[in-house]
Undergrad: 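Take this structure, written in structure tokens, and hold onto it; I'll ask about it next.
Only this structure's heavy atoms are used, side chains among them; waters, hydrogens and symmetry mates stay out.
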Amino acid sequence: MDASTRPTILLLPGLTGTSKESYILHMIHLSEELGYRCVVFNNRGVAGENLLTPRTYCCANTEDLETVIHHVHSLYPSAPFLAAGVSMGGMLLLNYLGKIGPKTPLKAAATFSVGWNTFACTESLEKPLNWLLFNYYLTTCLQSSVNKHRHMFVKQIDMDHVMKAKSIREFDTRFTSVMFGYRTIDDYYTDASPNRRLKSVRIPVLCLNSVDDVFSPSHAIPIETAKQNPNVALVLTSYGGHIGFLEGIWPRQSTYMDRVFKQFVQAMVEHGHELSNM
């Protein structure tokens with residue numbers, strides 16, 4: 001392919017994820033099979049990078065993503081430009097699309113295992129078994145990621161209090177909501193929930209969720225809102241967990257999520273222009 005028109009796929013990892021996550025590497029491999037170019041959006045302070053300013057990231061703040069999308073598009077303005085976000089990366093992507101509407105240079109997007117309602121997500125993760133299996137571990141990962149840059153935050157945040165958090169909600173109350181200037185944790189969680197902005201999405205978006213995902217309980221998936229937006233296709237599976245979607249008796253190869261990703265981006269690149277005629 002001509003480098004100037006080679007399709008570009010922007011990939012957004014999950015909450016504490018980086019460009020080295022297996023699901024991201026799978027998407028890169030599948031994109032390369034199609035001949036597409038990949039860019040991975042690593043959030044501030046992850047993947048071994050040091051913070052240069054006292055600021056991190058959250059799924060409600062889309063400024064960094066807007067900057068990356070503008071930069072990549074300026075490098076290859078003639079290339080079809082698509083994006084795919086996983087878990088928190090998908091929440092960030094949907095919040096961006098809902099805010100910017102038709103003004104995005106992205107031609108299409110896909111999301112996987114998105115938490116649609118942040119209140120419902122945290123409530124599900126605070127159930128005893130889910131707290132034991134997932135919540136506490138993720139909280140320690142978040143604490144570890146900010147503790148590496150502790151010296152950057154000590155003037156604005158009580159880091160000792162942050163390091164005593166026992167859940168994601170406590171961490172967000174003590175760190176994330178303070179970092180981004182929200183008055184309360186409820187204000188932050190309201191702004192972070194992509195279900196509020198789904199009706200404003202103006203490009204083709206495919207959203208894959210499993211109804212047995214403890215990070216995104218089925219009752220909070222915005223099925224009716226998706227039905228009302230012709231740009232949105234919501235795909236729900238009975239099983240798949242969170243970023244799982246494993247297939248077969250001995251699932252060592254590609255997952256259902258991988259297949260959906262590859263088929264969707266290829267269809268959008270090769271036939272996306274036909275949607276406007278439907």
Undergrad: Any Lys/Arg nitrogen of Glu66 or Lys99 sitting under 4.0 Å from an Asp/Glu carboxylate oxygen of the other?
TA: no

Undergrad: With rounding to the nearest 0.5 angstrom, report the NE2 to OG1 distance, His149 to Thr53.
TA: 10.5 Å

Undergrad: In chain order, what residues pass the salt bridge (charged side-chain N to carboxylate O under 4.0 Å, His left out) check against Lys103, with sequence neighbours excluded?
TA: none

Undergrad: Taking Arg174 first and then Asp160, would you say they form a salt bridge - that is, a charged N and a carboxylate O separated by under 4.0 Å?
TA: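 Answer for the salt bridge query: no.
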
Undergrad: Under the side chain to side chain contact (heavy atoms under 4.5 Å, CB included) test against Leu125, which residue among Thr139, Leu133, Asn135 passes?
TA: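 For Leu125, the side chain to side chain contact (heavy atoms under 4.5 Å, CB included) check succeeds only for Asn135.
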
Undergrad: Using the salt bridge (Lys or Arg N to Asp or Glu O under 4.0 Å) rule, take Arg44 and Glu49 through it: C-alpha gap first, then chi angles, then the decisive distance, then the call.
TA: CA-CA 7 Å; Arg44 298 178 183 227; Glu49 295 297 320; over 6 Å; no

Undergrad: For the pair Glu247 and Arg259, evaluate salt bridge (Lys or Arg N to Asp or Glu O under 4.0 Å) and give the outcome as yes or no after the intermediate values.
TA: CA-CA 11 Å; Glu247 296 180 302; Arg259 291 199 293 122; 2.7 Å; yes

Undergrad: Would you check, one step at a time, whether the test side-chain contact (heavy atoms from CB on, under 4.5 Å) holds for Glu33 with Lys262?
TA: CA-CA 9 Å; Glu33 286 183 353; Lys262 184 177 182 181; 2.8 Å; yes

Undergrad: Do Asp2 and Ser4 have side-chain N/O donor and acceptor atoms under 3.5 Å apart?
TA: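 Present: a donor and an acceptor within the cut-off.
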
Undergrad: Met88 vs Asn43, test: side-chain contact (heavy atoms from CB on, under 4.5 Å). Steps then yes/no.
TA: CA-CA 11 Å; Met88 194 212 78; Asn43 285 295; 3.9 Å; yes

Undergrad: Going by the ring-ring contact (aromatic ring centres under 6.0 Å, His included) test, which pairs reach into residues 170-206, not counting sequence neighbours?
TA: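 Sorted pair list: Phe119-Tyr189, Phe153-Phe175, Phe171-Phe175, Tyr182-Tyr188.
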
Undergrad: With sequence neighbours left out, write down each residue that passes ring pair (Phe, Tyr, Trp, His ring centres under 6.0 Å) with Phe41, or none if nothing qualifies.
TA: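 With neighbours one apart ignored, the set is empty.
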
Undergrad: Let me see the working for Phe112 and Met27 under side-chain contact (heavy atoms from CB on, under 4.5 Å), right down to the final yes or no.
TA: CA-CA 12 Å; Phe112 304 95; Met27 290 181 179; 3.6 Å; yes

Undergrad: May I have the step-by-step check of side-chain contact (heavy atoms from CB on, under 4.5 Å) for Asn130 and Ser124, ending in yes or no?
TA: CA-CA 7 Å; Asn130 293 342; Ser124 174; 3.7 Å; yes

Undergrad: Report the residues that fulfil salt bridge (charged side-chain N to carboxylate O under 4.0 Å, His left out) with Arg197, sequence neighbours left out, ordered by chain and then residue number.
TA: Asp191

Undergrad: Starting from Leu75, walk the hydrophobic network (Ile, Leu, Val, Met, Phe, Trp, Tyr; side-chain heavy atoms closer than 4.5 Å) and list everyone else you reach, by chain and number.
TA: Tyr76

Undergrad: Using only heavy-atom distances, determine whether the side chains of Ser177 and Asp172 contain a donor-acceptor pair under 3.5 Å.
TA: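 No, because no side-chain N or O of Ser177 sits under 3.5 Å from a partner of the opposite role on Asp172.
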
Undergrad: Output the distance between atom CD1 (Ile157) and atom CZ (Arg150), rounded to the nearest 0.5 Å.
TA: 11.0 Å

Undergrad: Could you pull out all donor-acceptor pairs under 3.5 Å where a side-chain atom in residues 233-240 meets a protein atom, sequence neighbours excluded?
TA:
residue : atom : partner : partner atom : Å
Thr237  : OG1  : Tyr239  : O            : 2.8

